[in-house]
Amino acid sequence: MVVHCSARSHTAADGLRRRLLWVTIPTRIFCAKGDDMTSAIKDLHQNVGKTVTLQGWLYHRRDSGKIAFLVIRDGTGLCQCVVTKNEQTEPFFETARRLGQESSLRVTGTVRADPKQVGGHELDVTGLEVIGESENFPITPKPHGIDFLMKNRHLHFRSRRQWHILRVRHTLIDEIRGYFNRNGYTLIDTPIFAPAAGEGSQTLFTVDYFGEPVYLAQTGQLYVEAACMAFGKVYCFGPTFRAEKSKTRRHLTEFWMVEPEIAYAELDDVVAVAEDFICSIVTRVLREHRADLEFLGRDIAALEKIQKPFNRVTHAEAADILRGPRAKELLERDLAAKTARIEEAKKLIAEKEAREKGAGVKQWERDKLVGEIHELREELADLEVEVQNIPHHIELAANFDPRGDLGGSDETIISRLHDRPVFVTHYPRECKAFYMKRSATDPSRVNNLDLLAPEGYGEIIGGSQREDDLAALLERIKEEGLNEEDYAWYLDLRRYGSVPHGGFGLGVERTLAWLCGLKHIRETIPFPRMMGRFYP
RNA sequence: UCCCCGAUAGCUCAACGGUAGAGCGGCCGGCUGUUAACCGGUAGGUUGUAGGUUCGAAUCCUACUCGGGGAGCCA
């Protein structure tokens, strides 16, 4: 039954010729059908004591003369495969111990449980088939800079951390669809080519549409409003584009957004849906991805606190908080804590540097110290920027304009004063989009909602009840200086059976960054598009 | 659009006005239980680009390019 590959000899001569042969003459030697079975690494626990074949890529390799350890990655997990030099493995032992990182392989062997090893199992190898060679894989198990990793993003997400994050992304997206599908919403796809701005002043990408300028959609909202008058409850889910010149850890130029829209709904109904929706996402991710979150170092207890009811403040209350003593105290405590940590980090760096330069330090210890120093320096740089910004943030909060929008630092303050997500509602009309419903109790405000994620992750949901009154909507369009003709079809929705309705948009990547506890949004999407970066 | 920081070997960094180095990765050799394995050997550079200061520039100055972070704006 055994699978073997031909062994390559490795004398220095004829390297190139042999490599060409290696590429052009496949060395596949197939086993007889049905003799052994392929297994996903995640299913190895069902096959202890049996002989199976794994199909994957070489994640890591170590060898020691007459024994070689091949850590295989197959997309479902990692498994260490042990090749011991003996009569059976002799034909491929030399090949095995020289395989390059990310070589693709079929490995046959006997499954053995070993709780010490990654994944809890080990394979005693009896057969090896090399499918594709790999030499000089650029991403090694050592530290790399972010620019290098992003230039190699097509290879980067083979690494473990990225694999864990993108698995959570998969479930997040599945739960987004699942939640709305279960609750009676109809999926309505909205156009990517859009004739005019959805929300007014934001920066749009222009595309040449047979000689005419059109824009890449930054929201499907106006279209789902039309659709909810046909289907009652609808949602759209797709990529959205913003040409904002923002180079921060929270911004992408292309990101994914889900936008539910509900007919016969007022602000409180929309808030209730948003709350229920977030809870269902958190519950599902906690249920299915605890191990992934643990690997990522996420504070799981913080996520477990995400339960109904969320906090709810009005914009006016938020303004009072920002201008009052609580905000200032929070930031001053922050400043003190971060300043202290800076001193501590500096001391630690000095200590570690002294130790690293000292005599009698083994190479692996030196490596470890260098890595730790590197991490501390990065933390230090971040802290120094934050400390530099805090006085500015204190000032921004203290002088917060009660008629203005919340800035990024203001959102952080509000969210950090609560351990559950916070809805901020009833913003001043002038700082929000024209389509938002004027508040009945205070006509200078609108029935809108922003949801601030905890721990300073910022706004993950923005939404509102929509203006359903034709006259009021026309007035707002004029006020904003928008062209009424561009919105003719949208105004029709208020002419033919208008009803109270509303909805919101949730940004997938910011939500995922929050769920996984990530510092940078660029890790949350397989191929990030950012200002100045659109490769690969 | 504005502010701050950076660019040295394939990668991560050191050299701080006086002969460009280390670790990892690569290659060669050794080692039967490794966990970022280890040990020995070896190859690898127009210091982002263009100018300037200087006897002498990776190092100082200017501009530009690219990247990182932040403000504004935002999911």
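Note on naming: letters A, B, ... go to the chains in the order of the sequence lines (proteins, then strands), and numbering restarts at 1 for each one.
- Counting non-hydrogen atoms under 4.0 angstrom, A:Asp382 reaches nothing in the nucleic acid.
- Computed from coordinates, the A:His520 NE2 to B:G68 P distance equals 10 Å when rounded to whole Å.
- Rounded to an integer number of Å, the gap from A:Arg61 CZ to B:C24 C1' is 14 Å.
- A distance of about 36 Å separates the C1' atoms of B:U42 and B:G68, rounded to the whole Å.
- For a distance-only test at 3.5 Å, the side chain of A:Ser246 qualifies as a donor-acceptor partner of the base of B:C73.
- At distances below 3.5 Å, not a single donor-acceptor pair connects side-chain atoms of A:Thr190 with backbone N or O atoms of A:Cys236.
- With C1' as the reference atom, B:G69 and B:G26 are 34 Å apart, rounded to whole Å.
- Taking the side chain of A:Glu244 as heavy atoms from C-beta on, and the options B:A36, B:C74, B:C31, the nearest nucleotide is B:C74.
- Base-pair partner of B:C38: B:G30 (Watson-Crick or G-U wobble, both distances under 3.5 Å).
- The side chain of A:Ser64 lies closest to B:C31 when the candidates are B:G68, B:U34, B:C31.
- Nucleic acid contact for A:Gly507: sugar-phosphate only, since backbone atoms but no base atoms lie under 4.0 Å from a heavy atom of the residue.
- Residue A:Arg249 places its side chain closer to B:G70 than to any other of B:G70, B:G68, B:C24.
- Atoms CD and OH, from A:Gln465 and A:Tyr435 in turn, are 13.5 Å apart once rounded to the nearest 0.5 Å.
- OP1 or OP2 of B:U1 sits under 4.0 Å from a side-chain N or O of A:Lys245.
- Proximity of A:Phe255 to A:Thr240: side-chain heavy atoms (C-beta onward) are separated by under 4.5 Å at one or more points.
- As a whole-Å value, the separation of A:Phe400 CZ from B:G72 P is 12 Å.
- Residue A:Ile461 is classed as a sugar-phosphate contact, given heavy-atom separations below 4.0 Å to backbone atoms only.
- The base of B:G26 does not come close enough to the side chain of A:Gln101 for any donor and acceptor atom to sit less than 3.5 Å apart.
- Annotation: of the two residues near RNA chain B, A:His392 and A:Met531, the 5′-most nearest-nucleotide partner is A:Met531.
- Atom-to-atom, NE2 of A:His121 to C1' of B:U35 comes out at 18 Å; the value is rounded to the nearest Å.
- B:A75 and B:G33: their C1' atoms are spaced 50 Å apart (whole Å).
- When heavy atoms are screened at a 4.0 angstrom cut-off, A:Glu122 is found touching base atoms of the nucleic acid.
- Between the side chain of A:Asn447 and the main chain of A:Leu267, no donor-acceptor pair closer than 3.5 Å is present.
- For B:G29, the OP1/OP2 oxygens have a side-chain nitrogen or oxygen of A:Arg98 closer than 4.0 Å.
- The side chain of A:Phe148 sits closest to B:U12 out of B:U32, B:U1, B:U12.
- A 3.5 Å limit on both hydrogen-bonding distances identifies B:G52 as the Watson-Crick or G-U partner of B:C60.
- Across the protein-nucleic acid pair, A:Glu411 atom CD and B:A75 atom C1' stand 10 Å apart, rounded to whole Å.
- Side chain of A:Lys66, nearest nucleotide from B:U32, B:U12, B:C74: B:U32.
- Here, B:A36 and B:C11 have their C1' atoms 14 Å apart, quoted to the whole Å.
- Rounded to whole Å, the distance from CG on A:Asp63 to P on B:G30 is 11 Å.
- Using a 4.0 Å heavy-atom criterion, one finds that A:Arg112 contacts the bases of the nucleic acid, with or without backbone contacts as well.
- Out of B:A75, B:G33, B:U1, the shortest distance to the side chain of A:Ile67 is found at B:G33.
- Listed nucleotides: B:C74, B:C31, B:G33. Nearest to the side chain of A:His251: B:C74.
- When ring centroids are compared, A:Phe180 and A:Phe277 come within the 6.0 Å threshold.
- Here the side chain of A:Arg112 pairs no donor or acceptor atom with the backbone of A:Gly49 at under 3.5 angstrom.
- Between the A:Thr219 side chain and the A:Gln221 main chain, a donor and an acceptor come within less than 3.5 Å of each other.
- Using a 4.0 Å heavy-atom criterion, one finds that A:Gly100 contacts no nucleic acid atom at all.
- In this pair, A:Phe255 lays its aromatic ring flat on the base of B:A75, centres within 5.5 Å and planes under 30 degrees apart.
- When the P atom is compared between B:C2 and B:A43, the two are found 49 Å apart, to the nearest whole Å.
- At a cut-off of 3.5 angstrom, the base of B:C73 holds no donor-acceptor pair with the side chain of A:Asp405.
- B:C2: Watson-Crick or G-U partner is B:G70, with both key distances under 3.5 Å.
- Comparing B:U32, B:A71, B:G33 by their nearest atom to the side chain of A:Thr84 picks out B:U32.
- Looking at heavy atoms from C-beta onward, A:Arg403 lies in side-chain contact with A:Arg445 at the 4.5 angstrom threshold.
- Taking the C1' atoms as reference points, B:G6 lies 16 Å from B:C64, given to the whole Å.
- Using atom C1' as the reference point in both B:C3 and B:G25, the two lie 38 Å apart (nearest Å).
- Within the 4.5 Å cutoff, side-chain heavy atoms of A:Val387 are placed close to those of A:Leu335.
- In this structure, A:Leu204 atom CG and B:C74 atom P are separated by 13 Å, rounded to whole Å.
- With hydrogens and angles ignored, a donor-acceptor pair under 3.5 angstrom links the side chain of A:Arg510 to the base of B:C74.
- For B:A22 and B:C60, the C1' atoms lie 26 Å apart once the distance is rounded to whole Å.
- Of the listed nucleotides (B:C31, B:A75, B:G33), B:G33 has the atom at the smallest distance from the side chain of A:Gln80.
- Residue contacts for A:Gln117: at a heavy-atom cut-off of 4.0 Å it reaches a base atom on one of the strands shown.
- Comparing A:Gly145 and A:Leu396, the nucleotide of RNA chain B nearest to each residue sits closer to the 5' end for A:Gly145.
- Set against B:G69, B:U34, B:C24, the side chain of A:Arg522 has B:G69 as its closest nucleotide.
- At whole-Å resolution of the value, CE in A:Met150 and P in B:G67 are 13 Å apart.
- Base-pair partner of B:A7: B:U65 (Watson-Crick or G-U wobble, both distances under 3.5 Å).
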